[in-house]
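This report refers to the structure that appears directly beneath it.
Because only heavy atoms are used, hydrogens play no part in the values below, and waters and symmetry mates are left out as well, while side chains stay in. Read the numbers this way: they start at 1 and go in the same order the structure lists the ligands and their atoms.
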Amino acid sequence: MGKLEKISEKVESLGGDFYITFDAAERFYLSSFSSTFGITLVGQKGNFLITDGRYIERAKELKDFKVILWKGWEELLEFLKGIKAEKLIVDPSRLKAKTYKELEKRFNLIDCEGFLDEFRAVKDDREISLITRAVQIAELSLKSVLHLLKPGTTEIEFRRALIDAFFKFGGNGEAFPTIVASGRNSAVPHWETGNREIKDGDIVIVDFGTVYSGYVSDITRTFLIGNVSSEARKIYDAVLEAQKLGIEELRAGKSCAEVDLKIRKFLENKGYGEFFTHSLGHGIGVEVHEAPTLSKRSTEILKEGNVVTVEPGVYIPEIGGVRIEDDCLITENGTFVISNLNK
Ligand code: GLY
Ligand code: MN
């Protein structure tokens, strides 16, 4: 059964006629159609994509969707009445409040938070190959500019060179604003890349990823430039050990919280517990952050086909931070690490 049929079965089991979404990432996931505006409907009565004049001609090439020109709310209501669709499933976490209100005025809504997440979390072969290509392009790109990562280069210069390389190797730019965090800036987990010049003795975190046919990569490497302090090396070694352990812990059937907590405990025992201030990892796909989440609060279970990052980090104010991140596919028997840049 294809993904649209599976989704349509869930719509029916929840008592709805359609799942309706206005979200660009969900639209792309469902239809492979990228646009800034569109309404996607999936259900037993068919699959529809409603979009405006800017996109309508291109949308008409879609095979699995009937394409309709957006004319307004009243026309949408008439159309749905015409096919006897009354109950719409919505994911309130993916709707603007105004859109929710417009829908609520006209339709019978069934709220289902994270409705599509369970489908998106399990990648099919095509999605895995697109993510793998996005990883390979990011890795080739980093290797091609590594000679610039040296004293005198600014963070932003390095970021620009990396973005250029993404395009050069076939990627579609940045998957998210690349983080180049040097020296003390590395102690800020999501530093906004700035004008600081890299210096001898710096720790430099580079968190980067590109997009290939709509799918992303997300990798982090940390570099120790020249003569670094013994403390920096100690942090590096602890994070590297934690990261390897994190990858070993991944297995279909395991709870995401359990994996996160195991690595948290490991870094606590090294004395770095309070400095590991984010979750261990997250799914990637059409978006940089999607299900499942490797966090201590997660209730998700790892499944074959998940692609998750493993990215422990330790950030010590005034000293610096280290984060190491790989993209991992959960397989039937274990884990395949898609990214394989040297650490
Ligand atoms: N690489 C950015 C993030 O994981 O948030
Ligand atoms: Mn990440």
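Closest protein heavy atom to atom 2 (C) of ligand 1: Asp207 OD2, 3.5 Å. For atom 3 (C) of ligand 1, the nearest non-hydrogen atom of the protein is His289 NE2, 3.1 Å.
Taking the centre of each ring, Tyr315 and Phe275 stay at or above the 6.0 Å mark.
Relative orientation of the Phe115 and Tyr19 rings is parallel, given thresholds of 30° and 60° on the angle between their planes. Ring geometry for His289 against His282 counts as perpendicular: the plane angle is over 60°, on a 0 to 90° scale with 30° as the lower cut.
Of the possible donor and acceptor atoms, one in the side chain of Asp91 sits under 3.5 Å from a partner among the backbone N and O of Gly114.
Around the Mn ion (ligand 2), the protein N, O or S atoms closer than 2.8 Å are Asp218 OD2, His282 NE2, Glu311 OE2, Glu325 OE2, listed by chain and residue number.
Counting atoms of ligand 1 from 1 in the listed order, those under 4.0 Å from a heavy atom of Glu311 are 4 (O). Ligand-side atoms of ligand 1 in range of His282: 4 (O), range being under 4.0 angstrom from any heavy atom.
Of the candidates Val239, Ile316, Leu240, Val239 is the only one forming a side chain to side chain contact (heavy atoms under 4.5 Å, CB included) with Val322.
Atoms CZ and CD1, on Phe119 and Ile7 in that order, are 5.5 Å from each other to the nearest 0.5 Å.
Salt bridge annotation for Lys105-Glu102: present, with a cationic side-chain nitrogen under 4.0 angstrom from a carboxylate oxygen. Salt-bridge annotation for Glu113 and Arg94: absent, with no side-chain N of the basic residue lying under 4.0 Å from a carboxylate O of the acidic one.
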